[in-house]
Q: 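Input: one structure, supplied below.
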Number of protein chains: 2
Amino acid sequence: MKYNMKYKAIPKETIGRLFTYFRALVCLSREGNKTVSSYKLAEICQLNPSIIRKDFSYFGELGKRGVGYNVESLLLMIRSELKLDPAIKIAVVGIGNIGKALLAYSGFKPDGFRIVAAFDSHPKKIGKKVGGLTVENASKLEKRVKTLGIQMGILAVPESAAPQVVLSLAKGGVKAILSFAPCQLTTPKDMNVICVDLSMEMARLLYYSMGQKLHKARARKS
Amino acid sequence: MKYNMKYKAIPKETIGRLFTYFRALVCLSREGNKTVSSYKLAEICQLNPSIIRKDFSYFGELGKRGVGYNVESLLLMIRSELKLDPAIKIAVVGIGNIGKALLAYSGFKPDGFRIVAAFDSHPKKIGKKVGGLTVENASKLEKRVKTLGIQMGILAVPESAAPQVVLSLAKGGVKAILSFAPCQLTTPKDMNVICVDLSMEMARLLYYSMGQKLHKARARKS
DNA sequence: ATGTGTGAAGAGCTTCACAGCC
DNA sequence: GGCTGTGAAGCTCTTCACACAT
């Protein structure tokens with residue numbers, strides 16, 4: 001056989017950086033840039049230019065020598081690669097502080113992800129408008145999730161309410177959940193749950209923003 | 001010389017996992033566990049036991065052979081390593097949805113990080129209690145930051161207000177900022193700023209909770 | 001028997017350096 | 001000259017496997 005196909009896995013670090021590139025490219029596009037070089041992008045993202053070229057090379061020969069990369073093509077590629085497609089329908093359950101923050105953000109930035117429904121069980125919240133969506137009654141969760149064809153749920157409810165919500169979502173056909181409730185949910189099989197401990201995530205960000213030179217090297221007995 | 005010291009850098013991946021361990025260990029401690037083996041911890045964190053042992057070994061010989069690791073000692077070690085010390089004083093500026101969510105979380109979980117002051121410029125918000133703190137007038141930011149000895153600021157204000165707040169914080173002696181405002185802040189020298197695009201962070205979490213088997217391998221022309 | 005600590009092997013990722021194209 | 005694409009080298013992190021401690 002003449003054509004010898006090589007299969008090459010995409011490093012997960014590459015996937016991680018795709019998010020960073022996307023953010024930078026959205027800005028570049030807004031500022032009217034048609035093309036960008038790996039050097040320019042490297043400066044913005046604080047990375048080495050060659051890793052950017054290597055990263056993009058996993059997805060084809062996207063650049064033009066002597067010119068650079070087309071900003072819009074890159075955005076298109078990353079959008080499809082990261083499933084930033086607005087076609088993926090997401091519901092938020094629990095319209096407390098976190099729920100509201102997410103809804104507000106989702107409305108502003110259609111680039112990232114799209115929330116199409118909001119639920120809460122508190123009578124005072126039901127019917128109210130938040131971030132362009134009307135809060136629906138959580139008791140109708142299963143039915144609404146089915147009719148709307150929702151694929152993912154974001155849990156921002158108190159711990160006590162979480163198991164019930166997970167069950168309703170599962171019955172409604174949802175296969176992935178991102179939960180802000182303290183972990184250890186009894187997860188139905190074939191349901192993919194990621195638990196986020198907001199305080200840990202904050203601690204993580206804070207740690208990196210402290211710029212700890214202390215952690216570069218450390219003594220150890222021989 | 002008899003004692004030959006070896007210096008070994010701590011991988012940044014190790015630091016990243018420390019947050020994961022911490023979260024698991026807090027749970028284990030609450031459930032009354034005195035010790036934990038690398039095997040048990042590996043199961044909880046979905047990791048290989050040997051990497052856990054290697055990770056901990058960077059910080060000394062913390063375990064007992066045949067027994068395991070002492071949960072409290074590990075917590076103590078990680079807490080100091082990650083500067084989860086409540087001594088680090090943090091102020092939140094901007095008491096919108098994100099600000100409120102952070103304050104609420106900080107109050108519930110003193111494990112992670114400690115927010116000691118909240119500021120906003122809106123008259124309706126000033127004086128109100130949120131998550132145990134009274135919202136103060138943002139015009140007094142510089143002075144209050146100085147007197148309280150605040151080391152870090154979390155920006156959760158609209159883009160337009162951000163530059164002014166950064167300036168006030170800098171004048172007050174703050175050296176690190178975590179910003180939720182859209183990036184490109186004119187950062188004063190020796191000020192460490194991390195910009196968080198909430199929608200990107202969400203997209204990242206969503207991506208991983210989708211369980212994308214698609215991304216494991218990919219064809220490329222030879 | 002149980003479970004740590006760690007050198008050595010292995011896997012994976014990044015950087016270099018340069019051929020090739022605009 | 002400017003810039004990409006990519007083998008090869010270099011580096012870092014992970015896994016293995018087993019000596020050693022309780």
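Numbered from 1 within each chain, the chains take letters A, B, ... in sequence-line order. These numbers were taken from a predicted model, which means no experiment stands behind them. Side-chain atoms are counted along with the backbone in the values below, which use heavy atoms only and exclude waters and symmetry mates.
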Q: If you check every side-chain atom of Val67(A), which of dC22(C), dA19(D), dC18(C) has the closest atom?
A: dC22(C)
Q: Tell me, do Val166(A) and Val193(A) make a side-chain contact under 4.5 Å, heavy atoms counted?
A: no
Q: In the structure I gave you, are the side-chain heavy atoms of Leu82(A) and Ile15(A) within less than 4.5 Å of one another anywhere?
A: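 Contact flag for Leu82(A)/Ile15(A) side chains = yes.
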Q: Taking the side chain as everything from C-beta on, heavy atoms only, tell me whether Leu41(A) gets closer than 4.5 Å to Leu28(A).
A: yes
Q: Taking C-beta and beyond as the side chain, do Thr20(A) and Arg204(B) meet within less than 4.5 Å on heavy atoms?
A: yes
Q: Among dC20(D), dC21(C), dT15(C), which is the nearest nucleotide to the side chain of Arg65(B)?
A: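 Within the option list, the nearest is dC20(D).
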Q: Among dA17(D), dT4(D), dC16(C), which nucleotide sits nearest the side chain of Arg53(A)?
A: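 From the listed options, dT4(D) comes nearest.
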Q: In terms of the angle between their ring planes, are Tyr208(A) and Phe19(B) parallel, tilted or perpendicular, with boundaries placed at 30° and 60°?
A: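 The rings of Tyr208(A) and Phe19(B) sit tilted, inter-plane angle from 30° to 60°.
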Q: Could you go through Ile177(A) and Val165(A), starting from their C-alpha distance and side-chain angles, then the distance that decides it, and tell me whether this counts as side-chain contact (heavy atoms from CB on, under 4.5 Å)?
A: CA-CA 10 Å; Ile177(A) 287 178; Val165(A) 173; over 6 Å; no
Q: The helix from dA1(C)-dT22(D) to dC22(C)-dG1(D): angle between its terminal axes, five pairs each, to 10°?
A: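 Result, rounded to 10 degrees: 10°.
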Q: Please enumerate all protein N or O atoms sitting under 3.5 Å from an N or O of nucleotides 12-14 of chain C, with distances to 0.1 Å.
A:
unit_1	atom_1	unit_2	atom_2	d
dC13(C)	OP1	Glu13(A)	OE1	3.1
dT14(C)	OP1	Arg17(A)	NH1	2.7
dT14(C)	OP2	Arg17(A)	NH2	2.9

Q: Knowing that exactly one of Phe56(A), Tyr39(A), Tyr21(A) qualifies, which makes a ring pair (Phe, Tyr, Trp, His ring centres under 6.0 Å) with Tyr69(A)?
A: Phe56(A)
Q: Measure the shortest side-chain to side-chain distance between Met202(B) and Tyr105(A) over non-hydrogen atoms and say whether it is less than 4.5 angstrom.
A: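 Result no, sub-4.5 Å side-chain heavy-atom pair not found.
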Q: Listed in order of residue number, which residues of residues 32-39 of chain B have a non-hydrogen atom at under 4.0 Å from DNA chain C?
A: Ser37(B), Ser38(B), Tyr39(B)
Q: DNA chain C: Tyr69(B) or Gly66(B), which has the more 5' nearest nucleotide?
A: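 Result: Gly66(B).
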